[in-house]
Amino acid sequence: MTDTTTFSVALHNETATTQLMADLALLVGPGDVITLTGDLGAGKTAAARSLIRYLAGDETLEVPSPTFTLVQGYELPPFPVMHADLYRVEDESELDEIGLSPLPDATLILIEWPERAPSAMPADRIDIALTHRPALGSSARAADITGHGRAAAIVARLQALREFLDASGYIDATRRRMAGDASTRSYARLLRDDGVVILMNFPQRPDGAALYNGKSYSAAVHLAENVKPFVAIAEGLRAQGISAPAIHHSDLDHGFLITEDFGSEGVIEGDPPRPIAERYEAATDALAMLHGKALPETLPLDGKTYEIPVFDVEAMLIEIGLMPEWYLPDRNAPLNDERRAEFFAMWRELLKPPLSAPKTWIIRDYHSPNLIWLENRTGIARVGVIDFQDTVLGPQSYDVVSLLQDARIDVPENIELTLLSRYIKTRRAQDTNFDAAGFAELYAIMSAQRNTRLLGTFARLNRRDGKPHYLRHQPRIWTYLQRSLAHPALGALRDWYLANVPPPQGAFQGASQEPSQEPSQAASQA
């Protein structure tokens, strides 16, 4: 028997319909099917239009009724959407002609008048039945929302979200879509007369099947699988003087947060984007300050404690294993068993120094997309950090690499080395025993580890998750990797990569393997 979940919403006006459909849009994605039923004039097209405009981020987008065209497609920022109206369909065989049999993959489908082709509707779907409610007002409607099969969980989550917004006083707020990231999280800005906040939807979900010693990829490498680490680390960072968003309301069980909005002023400028010196300097100083402290390994969380995971050797090896698993097959260079064993044996040996180094909080994705410039604050507090739920305990060099070898933008080598010298000078001022040359070696090793992982990650995002735009970052990652492989401590790895790892498509083939200045030289000059 198919699982179903139903709840009802009173929609007193068009604004209420817009808010409901924005909330639903936060939870659905490509592959989901939403059917809309109701009499003529019940508001089916208005509801579909609201959802499409929300996903487009454009309240004025032309969204005509597909009554005569039958199907209307939209290439929207998060994913494609298909809006269909079956009122004029006489026979289900006609669905072949309009591209609805079978339903297209990787597309969100909105279907009005699904009762015209009942057997063609998928078992997993969301039904929205709209009816007039004249007693509540001339434009009032009631929406009975039912989730069938796998979509039952989405509808249950929608009900929980609406209850959370109501309890926190934001059910009547205006919603504005925000761009997401590579994760399953989604975001919206909530606007009221008293200001703007951010709604985070963080569903509990592992990344991948249990392929790594019985664990999902996210569990094996200690990525957050629910919202609780975000809450714990946010408060921990704020306690250390780092600007993380204040959390105003939370539903930890369902994974909903309402947080402070830092705005959208970044740390980069131009086209193509490049670092803003003052802002990258402040971001570097924030890391140096944090790494100069003895930080707790457990943090309070909702009356209990949260234990920050350790970035252990197995997690690091699984991460770099994404390169032979995903990147090398894409480049027609899969490893045989002997080469694969060589690869992991070299890395086990190479990772011994960073694993034995002093540990700190590794924020992990401490780079431009996740750093917001807060002009009205002072010092390092001007750097707002918004992505930190995957924090682990590990070598101090990791986040310095994340910042100075930004995966999303080109950081020129001279800027990288200048900021690396700035970090080292600050650490030396804090601690006269700080080993600058040793840190430079750890920087090179963790750069190689991170960039090896990213080559595989971006290949996986393309092939597994249907996100080809991440491939454009691979040539940049390759350039950073060549910089780190030039360090003397990585000589054997450099030779092995040269023999076994082809560059990505679009990488500059004539680039030298040797940077103009090694991190070790920057350390000696600091």
Side-chain heavy-atom pair [X], [Y] within 4.5 angstrom cut-off:
X: Thr174; Y: Leu190; answer: no
X: Leu374; Y: Val383; answer: no
X: Gln389; Y: Arg185; answer: yes
X: Ile233; Y: Leu299; answer: yes
X: Ile109; Y: Ile34; answer: no
X: Ile268; Y: Arg274; answer: no
X: Ile386; Y: Phe262; answer: yes
X: Arg177; Y: Pro77; answer: yes

Expected output: side-chain [X] to main-chain [Y] donor-acceptor under 3.5 Å:
X: Ser216; Y: Ala219; answer: yes
X: Arg464; Y: Leu461; answer: no
X: His222; Y: Val310; answer: yes
X: Arg133; Y: Ala140; answer: no
X: Arg476; Y: Ala407; answer: yes
X: Asp85; Y: Leu70; answer: no
X: Asp399; Y: Ser402; answer: no
X: Trp361; Y: Pro296; answer: yes
X: Ser168; Y: Leu165; answer: yes
X: Asn226; Y: Lys228; answer: yes

Considering non-hydrogen atoms only, spot the tightest contact between [X] and [Y] and give its length.
X: Ala143; Y: Ile128; value: CB-CG2, 4.2 Å
X: Arg125; Y: Ala151; value: O-CB, 3.3 Å
X: Ala173; Y: Gln19; value: O-NE2, 3.4 Å
X: Lys44; Y: Thr37; value: CD-C, 3.6 Å
X: Val385; Y: Pro245; value: O-CD, 3.2 Å
X: Ala84; Y: Pro66; value: C-CG, 3.9 Å

Checklist line | Working for side chain to side chain donor-acceptor pair (under 3.5 Å), residues Ser186 and Asn201 | finding: CA-CA 5 Å; Ser186 55; Asn201 165 48; 2.9 Å; yes
Check: So His291 and Tyr423, ring pair (Phe, Tyr, Trp, His ring centres under 6.0 Å) or not? Walk me through it.
Finding: CA-CA 10 Å; His291 297 168; Tyr423 173 90; 5.8 Å; yes
When you compare the side chains of [X] and [Y], does any donor N or O come within less than 3.5 Å of an acceptor on the partner?
X: Glu307; Y: Thr298; answer: no
X: Tyr398; Y: Arg450; answer: yes
X: Glu375; Y: Trp373; answer: yes

Notebook entry, point to check: Applying the ring pair (Phe, Tyr, Trp, His ring centres under 6.0 Å) test to Tyr470, which of Tyr327, Trp326, Phe458 qualifies?
Noted result: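 So the option named by the test is Phe458.
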Next item on the list: May I have the step-by-step check of side chain to side chain donor-acceptor pair (under 3.5 Å) for Glu225 and Ser218, ending in yes or no?
Entry: CA-CA 7 Å; Glu225 295 185 341; Ser218 51; 2.5 Å; yes
Would you please indicate yes or no on a ring centroid separation below 6.0 angstrom for [Y] and [X]?
X: Phe164; Y: Tyr170; value: no
X: Phe388; Y: Phe230; value: yes
X: Phe256; Y: His249; value: no

Next item on the list: Apply salt bridge (charged side-chain N to carboxylate O under 4.0 Å, His left out) to Arg192 and Asp194, showing your working.
Entry: CA-CA 5 Å; Arg192 296 191 312 195; Asp194 58 351; 2.7 Å; yes
Notebook entry, point to check: Passes side-chain contact (heavy atoms from CB on, under 4.5 Å), His248 versus Val197? Steps please.
Noted result: CA-CA 9 Å; His248 302 313; Val197 293; 3.8 Å; yes
Does this structure show an ion pair linking [X] with [Y], if we count only N-O contacts that are shorter than 4.0 Å?
X: Asp387; Y: Arg364; result: no
X: Arg49; Y: Glu112; result: no
X: Lys359; Y: Glu297; result: no
X: Arg460; Y: Asp465; result: no
X: Arg189; Y: Asp261; result: yes

Check: Could you walk me through whether Arg422 and Asp285 pass the salt bridge (charged side-chain N to carboxylate O under 4.0 Å, His left out) check?
Finding: CA-CA 8 Å; Arg422 182 185 182 92; Asp285 294 344; 2.9 Å; yes
Next item on the list: Decide yes or no on side chain to side chain donor-acceptor pair (under 3.5 Å) for Gln405 and Ser447, but give the supporting numbers first.
Entry: CA-CA 8 Å; Gln405 294 189 344; Ser447 165; 2.6 Å; yes
Check: For atom CD of Glu59, is the number of surrounding heavy atoms from other residues, nucleotides or ligands below 6.0 Å larger than 12?
Finding: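 It does not: Glu59 CD has 12 such atoms or fewer within range.
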Note to self: Test side-chain contact (heavy atoms from CB on, under 4.5 Å) on His473 and Arg408; report intermediate values, then the result.
What the structure shows: CA-CA 6 Å; His473 300 306; Arg408 302 302 199 280; 3.5 Å; yes
Checklist line | Criterion salt bridge (charged side-chain N to carboxylate O under 4.0 Å, His left out) on Glu14 and Arg141, from CA distance to verdict | finding: CA-CA 9 Å; Glu14 290 185 9; Arg141 305 283 188 274; over 6 Å; no
Checklist line | Leu257 side, atom CG; Asp251 side, atom CG - distance, nearest 0.5 Å | finding: 8.5 Å
Check: Could you give the distance from CG (Leu371) to OG (Ser243), rounded to the nearest 0.5 Å?
Finding: 11.0 Å
Note to self: Between Ile154 and Asp32, does the side-chain contact (heavy atoms from CB on, under 4.5 Å) criterion hold? Intermediate values first, please.
What the structure shows: CA-CA 10 Å; Ile154 299 175; Asp32 290 325; 3.8 Å; yes
Notebook entry, point to check: Who passes salt bridge (Lys or Arg N to Asp or Glu O under 4.0 Å) against Glu265, sequence neighbours left out?
Noted result: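 Glu265 satisfies salt bridge (Lys or Arg N to Asp or Glu O under 4.0 Å) with Arg279 only.
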Next item on the list: Output, in order, the C-alpha distance, side-chain angles, deciding distance and verdict of side-chain contact (heavy atoms from CB on, under 4.5 Å) for Thr284 and Leu420.
Entry: CA-CA 8 Å; Thr284 302; Leu420 180 58; over 6 Å; no
Checklist line | Verdict with supporting geometry, Tyr280 and Asp406, side chain to side chain donor-acceptor pair (under 3.5 Å) | finding: CA-CA 11 Å; Tyr280 263 66; Asp406 193 316; 3.1 Å; yes
